[in-house]
There are 2 protein chains.
Amino acid sequence: MIRFDFGHAHAFLKDDALASAKTQAAEAFKKVQTKTGPGPEWLGWRDILANPNDALLNELDALATAIREEADVFIVCGIGGSYLGAKAVIDALGPFFGSKGPEIVYAGHHMSGRYLSELMAYLQQPKADGTSKKVYINVISKSGTTTETALAFRVIRKWIHETYQNPAKHIICTTSSAGGALNRIIDANGYKKFVLPDDIGGRFSVLTPVGLLPIAVAGIDIRALYYGAVSAYNEIELNPDDLLSYAATRLALYQSGKAMDMIASFEPELSGMGGWMQQLFGESEGKNGKGMFPVLLGYSTDLHSVGQMVQEGQRNMIETFLVADKPAGSVIVETEDDDADGLNYLAGKNFHFINNKAFLGTREAHVEGGVPCLSIHFDKIDEEHIGRFIYICEIAIAVYVYCLNENPFDQPGVEAYKKAMFRLLGKPGF
Amino acid sequence: MIRFDFGHAHAFLKDDALASAKTQAAEAFKKVQTKTGPGPEWLGWRDILANPNDALLNELDALATAIREEADVFIVCGIGGSYLGAKAVIDALGPFFGSKGPEIVYAGHHMSGRYLSELMAYLQQPKADGTSKKVYINVISKSGTTTETALAFRVIRKWIHETYQNPAKHIICTTSSAGGALNRIIDANGYKKFVLPDDIGGRFSVLTPVGLLPIAVAGIDIRALYYGAVSAYNEIELNPDDLLSYAATRLALYQSGKAMDMIASFEPELSGMGGWMQQLFGESEGKNGKGMFPVLLGYSTDLHSVGQMVQEGQRNMIETFLVADKPAGSVIVETEDDDADGLNYLAGKNFHFINNKAFLGTREAHVEGGVPCLSIHFDKIDEEHIGRFIYICEIAIAVYVYCLNENPFDQPGVEAYKKAMFRLLGKPGF
């Protein structure tokens, strides 16, 4: 269903380096399973797959259906792991143009005053038929005090209270089980609440209500998504060989001195999944001077951009292709009488076939240019495969980071900018 | 109007390294001025600023006005430098939600069959009022045989010919002055044509019709944009010191062993300009094992993602912030009685003030973490400043790449994937 191809990476590795990495990866996987590695209190993203909570899926589905019947705009208000997973899945499975339900917009992920003022004006602008927009917001914050998210929520929440007779219906909160500012606000206002389990960090939270509610509101089958991940979990518990080969190959390449991992795809709908993977990997492995910087590339357009540098720049990178093996919504090239553009040699071929040759040609060229290439193949891009991919990335990075002797689940460096910013803002206590 | 801040980079450099880089940059700038460096036949992007062509600006403006009065959708069909400049300026100066005129969509920048089939369905879908959409396309290709662009153009052009009584009105071509497939198609069909001068490469072409027509159709003042670049050109010819300090600082940092340049901004509207800069820099400097890989980051959301790695990963990067000094469309934080979210300490402050402190705090944290930080400050984000920024980036990278003893204007590595792809596709002659 999802398969790896290491054939274009192993040639860059010595046999003993790869064998040693495989041993390390196998040991690391055992530590994950037995909760004996760093950060054992953060492994809840596995437990929710070992014991699926169908009642929660049903509850999320029911609320999403109600929202989809009424909302014109659904605001996802969160930063980093609080929205990237939802955005990734919605980008992958939703339409390129328009939406299959309420328009999904994002807020609270930066502090641009221009963006927020234009968003507020947009919310207040009537629809084409002259009626006013019905707006819902899902605020997602473990604490409720993350500055970016809390600021946007303060502004939008005030507007919702001024605008709707029953504001509580329009505000859904996803936060920790107890404590924190958002829980106080929920209690005081009677907002609907979903819980981000205490043992799951933001970047591992897409299969909790953090990601699932916005994904369901976007009209995507969260049960198929979730059970795709459950299938991957069960299969890897039984036979982790392929997964461990992936982690070990990436580890051995890193240990050979590589500094960057290009996450590249020829499928534009996977760009968001690449962004989610970039956060998951970067925030998990970038510690104590370690890790490969994950860079997101969209081909073939980026082949006409930084592709030059992938081909001929510093030889310090690996490349990970996300590949769709089967076409979706394809277009066939038709013959033209005059063949003025010289493309008749492709007549009768569908775009997927051509795009796949672009992938194969690019991989060949990059390998020849000295870039070890891995690829992760989706049989097709649907809920089940995206769910599988999510768990595969989560377990792969946990194993890989254990091999670096680091904690995959913390992010101590993120505090540094916050501390300096709070001091400059005169926040009490800083 | 646009100023550099090197204060947080020079501490990472030895005085003699910086002095040597400055000497190299000054010599390189003379080579650009006297057309005595590599690729002297590609310096037309300077000539068009030395001798502005007002008649061309008027012609582009007049056509754009006519299109804006009629079109619902305007398709920009091109890849790499053929659309990234237009997209960058439109993203920077257009609204976040909706558009100030026809909806601008992109095609021909990849070969996703799913994307193209959804685009074709979208074009055929009636508007909210039941009438059909009026669609225009601007195809941009030096040769007309770039596979990605030519394939999409073949499909959309056929549909336009089947749909409109006067198809030639709906198709505008930007291509080389003579020769090539697109010129043959133009001649046979009577399409409107604009010229990409033969001495300007794709990634330096945003201030030619390549970029200016889509930008004008989006409702942006191309005269102010263009003359912003002209001002920067004239000022730097008279006094290149600041510009050369920027190029020299970046050069000295590269020579000290850095592998990546994080192009980061707290202003989401600058994300496209960062993407354009990423192409301009990456494709110009990534040759013969040289160059720093330009990575695009959007803060503060990416501080909750790869920010961890910028703070604590491998110490192989520099960071270039794009900063807006003055606010645009700001929002003021209001006091709340209960202060449940603890944000009252920011009451009365506008978002721009807070966002600026986030920038200052982040720079401080990253410098402390060992990342040399440059910043490029826009007094404000408008046509004139974006125009200035475009020329500043163009001349800076030309000077910098001359210092690496490379040709900033070619892209030999981009041919590698094309050759392999053509062979796999069975293209005659490959």
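Below, read A as the first sequence line, B as the second, and so on, with proteins coming before strands; counting in each chain starts at 1. We use all heavy atoms of the structure for the numbers below, so side chains are in, but hydrogens, waters and symmetry mates are not.
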Of the listed residues ([options]), which shares the most heavy-atom pairs with chain A below a 4.5 Å separation?
options                                    : answer
Gly313(B), Gly361(B), Gly282(B)            : Gly313(B)
Arg363(B), Met262(B), His352(B), Lys419(B) : Met262(B)
Gly307(B), Ala324(B), Gly291(B)            : Gly291(B)
Gln311(B), His109(B), Glu312(B)            : Glu312(B)
Ser305(B), Ala365(B), Pro327(B), Gly80(B)  : Ser305(B)
Met292(B), Glu368(B), Glu103(B)            : Met292(B)

Hey, could you give me the [atom1]/[atom2] distance between [X] and [Y], rounded to the nearest 0.5 Å?
X         : Y         : atom1 : atom2 : result
Ile79(B)  : Asp302(A) : CD1   : CG    : 9.0 Å
Asn355(B) : Leu116(A) : CG    : CG    : 11.0 Å
Lys357(B) : Met421(A) : NZ    : CE    : 12.0 Å
Asp341(A) : Thr147(B) : CG    : OG1   : 10.0 Å
Met317(A) : Met260(B) : CE    : CE    : 9.5 Å
Thr362(A) : Leu424(B) : OG1   : CG    : 9.5 Å

Engaged part of Val414(A) at the chain B interface, taking heavy atoms whose separation is under 4.5 Å: both
Under 4.5 Å heavy-atom distance to chain B, tell me which part of Asp187(A) shows up: side chain, backbone, both or neither. neither
With a 4.5 angstrom heavy-atom cut-off, could you sort out which part of [X] is near chain A: side chain, backbone, both or neither?
X         : value
Met120(B) : neither
Phe153(B) : neither
Asn356(B) : neither
Arg423(B) : side chain
Tyr83(B)  : side chain
Lys418(B) : side chain
Tyr122(B) : side chain
Lys158(B) : side chain
Leu119(B) : both
Val295(B) : side chain
Gln308(B) : both
Ala128(B) : side chain
Gln125(B) : neither
Glu364(B) : side chain

Can a salt bridge be assigned to the pair Glu336(A) and Arg157(B) using a cut-off of 4.0 Å between side-chain N and carboxylate O? yes
Under a 4.0 Å N-O cut-off, is there an ion pair linking Asp339(B) with Arg184(A)? no
Thr301(B) versus Tyr106(A), side-chain donor and acceptor atoms under 3.5 Å: no
Contact between Arg154(B) and Asn344(A) at the side-chain level, heavy atoms closer than 4.5 Å - yes or no? yes
Chain B interface, residue from [options] that has the most non-hydrogen pairs under 4.5 Å:
options                                    : result
Phe293(A), Phe359(A), Phe266(A)            : Phe293(A)
Gln279(A), Glu285(A), Arg114(A)            : Arg114(A)
Gly108(A), Gly98(A), Gly275(A), Ser117(A)  : Ser117(A)
Gly413(A), Ala420(A), Ala416(A)            : Gly413(A)
Pro95(A), Ser300(A), Ala121(A), Ser284(A)  : Ser300(A)
Arg315(A), Arg203(A), Gln278(A), Glu334(A) : Glu334(A)

May I have the step-by-step check of side chain to side chain contact (heavy atoms under 4.5 Å, CB included) for Thr146(A) and His304(B), ending in yes or no? CA-CA 11 Å; Thr146(A) 302; His304(B) 294 248; 4.2 Å; yes
Taking every non-hydrogen atom, the tightest pair across [X] and [Y]:
X         : Y         : value
Ala358(A) : Met111(B) : CB-CE, 3.6 Å
Lys258(B) : Gln314(A) : O-NE2, 3.4 Å
His110(B) : Tyr299(A) : CB-O, 3.9 Å
Ile185(A) : Ala340(B) : CG1-CB, 3.4 Å
Ser112(A) : Pro268(B) : CB-CD, 3.3 Å
Gly426(A) : Tyr345(B) : O-CD1, 4.0 Å

Apply side chain to side chain contact (heavy atoms under 4.5 Å, CB included) to Leu303(B) and Gln411(A), showing your working. CA-CA 10 Å; Leu303(B) 290 169; Gln411(A) 52 283 328; over 6 Å; no
Neighbour count >12 (heavy atoms, 6.0 Å) for atom NZ, Lys127(A): yes
Which word best sums up how the rings of Tyr115(B) and Phe97(A) line up, parallel for under 30°, tilted for 30 to 60°, or perpendicular for over 60°? tilted
